[in-house]
Amino acid sequence: MTAAGRALNGVLDVLPASVIRRAARRYLGGATVGEAVAVARSLAAAGMPATLAVVGEAAATPEYAGRHLRELLAVTDAVSGTDLDVRLGVKLTGLGLAFDPQLASTHLCSIAEAAAAAGCVVEVDMEQARYVDQTLDAVRAARRTLPNVQAVVQAELYRTAADVRALIADRIPARVVKGAYKEGPAHAYGRPEVIRDSYLDVVGQFLKAGLHVGVATHDEYLIFHVQRLAEQAGVSADAYEFQMLKGIKEQLRAALVGSGHPVRVTVNFGADAHKWSLRRLKENPEIVRHMLTSIR
Ligand SMILES: Cc1cc2nc3c(=O)[nH]c(=O)nc-3n(C[C@H](O)[C@H](O)[C@H](O)COP(=O)(O)OP(=O)(O)OC[C@H]3O[C@@H](n4cnc5c(N)ncnc54)[C@H](O)[C@@H]3O)c2cc1C
């Protein structure tokens with residue numbers, strides 16, 4: 001982290017929690033399911049469906065994993081019977097992947113069943129490189145009976161090209177991300193331009209295969225080139241969707257919606273959302289800068 005980044009983080013340490021909470025609100029969907037669903041409603045009114053994601057820690061005990069399962073089931077309950085187009089973002093570590101992959105897989109199936117009944121897709125987030133095999137296995141296992149479960153792939157990983165070929169062969173749609181976990185040269189490309197090339201290649205593969213792809217990025221370069229790729233592939237607007245996090249690049253988001261591109265917004269929420277977001281904020285000095293300029 002640069003000296004400027006460290007200085008910005010130092011500012012976060014001394015600002016009153018209430019001020020930080022107010023500024024972080026722009027990026028979060030509140031503490032409760034009700035608040036998150038209200039955010040999803042207001043996004044829907046502006047032409048954008050949502051992905052709701054309950055933030056939390058990696059589960060270290062079956063009790064924590066069970067609690068997280070119940071939080072996710074509460075989301076499916078809340079959207080069931082509504083006309084909202086809502087997806088669920090699920091992290092398998094929250095459901096016990098680190099200590100019991102079978103438990104996480106079973107919990108994923110419970111969530112996917114409830115989500116299917118509520119008309120929702122479940123996107124299984126991709127986490128650290130050491131979990132990729134288990135995560136893709138859990139997606140495949142769930143999809144034997146629950147086709148509403150979808151995968152995520154990280155463009156930065158060397159292995160992703162092969163994973164994408166296998167997902168396409170199995171007709172599994174996916175969200176594409178750069179990758180958030182700083183994996184290092186044992187697993188991942190480090191140069192931003194290579195990660196971008198990999199990203200565009202992966203999106204192109206899904207479009208060519210006629211499989212729905214979530215283009216999850218705020219990178220203008222990628223957003224520009226994915227539009228070109230979609231035009232060149234001659235696909236309709238329901239073949240892909242841009243996905244962004246709440247509060248980020250809102251003007252670009254609105255412009256995309258205005259020109260007919262589908263855009264879904266991920267809304268992170270939960271009782272621990274504030275603590276969690278503070279940690280994430282500290283990892284990204286750019287967001288801290290955004291936050292500080294939004295404090296008046
Ligand atoms: C909807 C969604 C789902 C995701 N799911 C996963 C996942 O399952 N697994 C995973 O490893 N990663 C996930 N990520 C994170 C992803 O891997 C990247 O770490 C993150 O999106 C930053 O990369 P970028 O493509 O936006 O490009 P960048 O080059 O990092 O960002 C482009 C510009 O966008 C702005 N920006 C980007 N991120 C932020 C932010 N958080 N706050 C404020 N401004 C920002 C900055 O202005 C930056 O200059 C997800 C991202 C999104 C948008």
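Just so you know, ligand 1 is whichever comes first in the structure, and atom 1 is the first atom listed for that ligand.
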Can a donor-acceptor pair be found between the side chains of D219 and T217 at a distance below 3.5 Å?
-> no
Apply side-chain hydrogen bond (donor to acceptor under 3.5 Å, both in side chains) to the pair E183 and Q154, showing each step before the final yes or no.
-> CA-CA 11 Å; E183 293 294 349; Q154 296 163 326; 5.7 Å; no
Exercise: identify the closest heavy-atom pair between V37 and A78 = CG2-CB, 3.9 Å
Relative to the heavy atoms of T266, which atoms of ligand 1 are at a distance of less than 4.0 Å?
-> 1 (C)
Classify the contact between Y27 and ligand 1 as side chain, backbone, both or neither, using a heavy-atom distance cut-off of under 4.0 Å.
-> neither
Ligand 1 to I248 polar contact by distance, N or O atoms, under 3.5 Å | no
Nitrogen or oxygen atoms of Q243 and ligand 1 under 3.5 Å apart | no
Please indicate whether any nitrogen or oxygen in G179 is less than 3.5 Å from any nitrogen or oxygen in ligand 1.
-> yes
Could you tell me whether D125 approaches ligand 1 through its side chain, its backbone, both or neither, with non-hydrogen atoms closer than 4.0 Å?
-> both
Between E127 and ligand 1, which residue portion shows a heavy-atom distance shorter than 4.0 Å: side chain, backbone, both, or neither?
-> neither
With heavy atoms and a 4.0 Å threshold, my read on which part of D219 contacts ligand 1 is both
Y189 six-ring face occupied by R191 cation (under 6.0 Å, within 45°) | no
Any N or O of Y181 closer than 3.5 Å to N or O of ligand 1 = no
Does L52 share a hydrophobic cluster with L84, counting links as ILVMFWY side-chain heavy atoms below 4.5 Å and allowing steps through other members?
-> yes
M126-ligand 1 polar pair, N/O distance under 3.5 Å | yes
More than 12 heavy atoms from other groups under 6.0 Å of CD on Q251 | no
Quick look: R175 vs ligand 1, heavy-atom contacts under 4.0 Å, and the answer is side chain
Out of K182, K178, E241, who gets a non-hydrogen atom closest to atom 30 (O) of ligand 1?
-> K178
Backbone, side chain, both or neither: what part of V152 comes under 4.0 angstrom of ligand 1, heavy atoms only?
-> side chain
Keeping the roles fixed (side chain from T160, backbone from E156), state whether a donor-acceptor pair exists under 3.5 Å.
-> no
So, for H107 and L95, which heavy atoms are closest and what is the spacing to 0.1 Å?
-> CD2-O, 3.7 Å
Look at the side-chain heavy atoms of Ile, Leu, Val, Met, Phe, Trp and Tyr, link any pair under 4.5 Å apart, and say whether L252 and M48 land in one connected group.
-> yes
With a 4.0 Å heavy-atom cut-off (strictly under), which part of R264 contacts ligand 1: side chain, backbone, both or neither?
-> neither
